[in-house]
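Structure first, then comments.
None of the values given here were measured: they were computed from a predicted structure.
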Amino acid sequence: MTFLLAALGILGISASGPIIAAFPQVPVLSMALWRNGAAAAVLSVPVLKRNRQSYRQITSREWFFTSVAGVALALHFVCFMYSMRLTSVAAGTALVCIQGVWIALFQASRGIRYRKPVFFGMGIAILGVVLITGFDLGQGRDAIIGDLLALAGGVLAAIYTLAGATARKTMGTATYSSSCYGITAVILMVLCLVAGQPVWGFDATGWLGIILLTVCAQLLGHTVMNHLLNVLGPLTVSTLILLEIPGAALLAALVLGQVVPTATYLGLAVILLGLVLVVRGQVPPKTAA
């Protein structure tokens, strides 16, 4: 069952980049607002049906970590979704998905010791990032800005994952996800108003993009990964998210016809190798009985 959920979650998040790129008529902030607001509304129904006092019973500690996750997720969406309009889906997704490295660095800063393969893997992953961004230098200024936004989105995704993992220790999936998405939607609503971006009045094609993004990327992607946080842990989940890289590139090639340079695929492969070493290096060696 866990394997099937992981596969579903990976497929959902892999669809995010291609869908965002395929519907440019909807402003980025507006699309992010709707995907979170709609998902929060859908997920709150079973929570309230099961217990009308569910949200009142959330502790101050749970609200704190859920709020941190919500703020980080809102800013992550801003960076990631803008990057999808500026750089290629493959490059942007790869740079966002190195969040596993940031998680490992954060935990190391808290005194958690790692074996040498972890740091070796970090170096390899960063080399892959350099390969991708280096080849994007020839793609113009927009591609470079998109790459930098994707990198920032990866850091924010790491914060979102770590805070969510802490909150999920004592919160149910639907309660946490709906609360987190609701906070994210409120922040994005404020950003839309400040930026003067419309939140209504899109054509039928635009609404189709919003619906697809909400169902695929938010409900079947992020929410499934939120569930797996309590089952597999943040580091394993961040490793699974690596599969979004080839998934998004394949979907972008099939749906959008994007042609990615061979060298960029080399960078993707290097990042995958490095991150696998990072995660495997955190598994303690077996000791003889």
Side-chain angles (χ1 to χ4, degrees), residues 1-2 4-13 15-16 19 26 29-78 81 156-157 159-193 198-202 206-234 237 241:
M1 185 62 178
T2 300
L4 293 176
L5 284 175
L8 181 63
I10 292 165
L11 182 61
I13 59 176
S16 181
I19 291 174
V26 181
L29 292 178
S30 306
M31 186 171 275
L33 164 64
W34 277 104
R35 68 182 285 182
N36 282 276
V42 170
L43 292 172
S44 67
V45 174
V47 174
L48 294 173
K49 187 176 181 180
R50 183 176 61 252
N51 180 5
R52 291 184 177 274
Q53 302 300 317
S54 293
Y55 294 107
R56 293 184 179 181
Q57 294 171 351
I58 298 177
T59 66
S60 57
R61 176 182 176 278
E62 291 170 341
W63 273 123
F64 172 77
F65 286 105
T66 301
S67 298
V68 171
V71 172
L73 183 60
L75 298 178
H76 159 76
F77 279 135
V78 172
M81 296 179 77
L156 291 163
I159 296 172
Y160 160 66
T161 300
L162 287 169
T166 302
R168 279 284 291 116
K169 290 179 180 178
T170 55
M171 297 178 70
T173 301
T175 303
Y176 164 71
S177 296
S178 58
S179 301
C180 179
Y181 298 163
I183 293 170
T184 299
V186 171
I187 295 172
L188 290 169
M189 173 65 80
V190 173
L191 292 177
C192 282
L193 294 176
V199 297
W200 196 261
F202 310 118
W207 284 114
L208 174 61
I210 291 172
I211 292 171
L212 287 174
L213 192 62
T214 301
V215 173
C216 297
Q218 202 70 22
L219 291 174
L220 300 181
H222 276 269
T223 305
V224 168
M225 290 302 175
N226 284 336
H227 171 74
L228 293 176
L229 279 174
N230 208 35
V231 178
L232 303 175
V237 169
I241 291 175

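Taking each heavy atom of Ser179 and Ile58 in turn, the nearest pair found is OG-CD1, 3.8 Å. Of all non-hydrogen atoms in Trp207 and Gly201, the two that sit nearest each other are CZ2-N, 4.4 Å. Annotation for Ala40 and Ser178: closest pair CB-O, 3.6 Å, computed over non-hydrogen atoms. Taking both residues in full, the closest heavy atoms of Val47 and Leu43 are given as CG2-O, 3.4 Å, listed atom of the first, atom of the second, then distance.
A distance-only check finds a donor-acceptor pair linking the side chain of Thr166 to the backbone of Leu162 [under 3.5 Å].
Residues that satisfy the side-chain hydrogen bond (donor to acceptor under 3.5 Å, both in side chains) test with Thr175, not counting sequence neighbours, are absent from this structure. Taking the side-chain hydrogen bond (donor to acceptor under 3.5 Å, both in side chains) definition, one finds that Thr223 meets it with Tyr181, sequence neighbours left out. In this structure, the side chain to side chain contact (heavy atoms under 4.5 Å, CB included) partners of Cys192, at least two apart in sequence or on a different chain, are Leu29, Ser30, Leu33, Val199. Here Thr173 pairs with Arg168, His227 under the side-chain hydrogen bond (donor to acceptor under 3.5 Å, both in side chains) rule; sequence neighbours left out. Ala165 is linked by a side chain to side chain contact (heavy atoms under 4.5 Å, CB included) to Leu229, Pro234, counting only residues two or more places apart in sequence or in another chain. In this view, Ser177 and Asn226 satisfy the side-chain hydrogen bond (donor to acceptor under 3.5 Å, both in side chains) rule, not counting sequence neighbours. For the side chain to side chain contact (heavy atoms under 4.5 Å, CB included) test, residues two or more places apart in sequence or in another chain that qualify with Leu8 are Leu220, Val224.
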Under 3.5 Å, which donor-acceptor pairs link side chains of residues 64-78 to any protein atom two or more places apart or in another chain?
unit_1	atom_1	unit_2	atom_2	d
Thr66	OG1	Glu62	O	2.7
Ser67	OG	Trp63	O	2.7
His76	ND1	Gly153	O	2.9

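Among pairs with a residue in residues 212-221, those fulfilling side chain to side chain donor-acceptor pair (under 3.5 Å) read Arg35-Gln218, Asn36-Gln218, at least two apart in sequence or across chains.
In this structure, CE in Met225 is found 5.0 Å from CD1 in Ile10, a value given to the nearest 0.5 Å. Remark: Asn51 CG to Leu48 CG distance equals 8.5 Å, nearest 0.5 Å. Taking CE from Met171 and OG from Ser54, the interatomic distance works out to 9.5 Å, rounded to the nearest 0.5 Å. The line from SG of Cys216 to NE2 of His222 is 12.5 Å long, rounded to the nearest 0.5 Å. In this structure, CE on Met31 lies 8.0 Å from CZ on Phe202, to the nearest 0.5 angstrom.
Contact check for Leu213 versus Ser16: side-chain heavy atoms found under the 4.5 Å cut-off.
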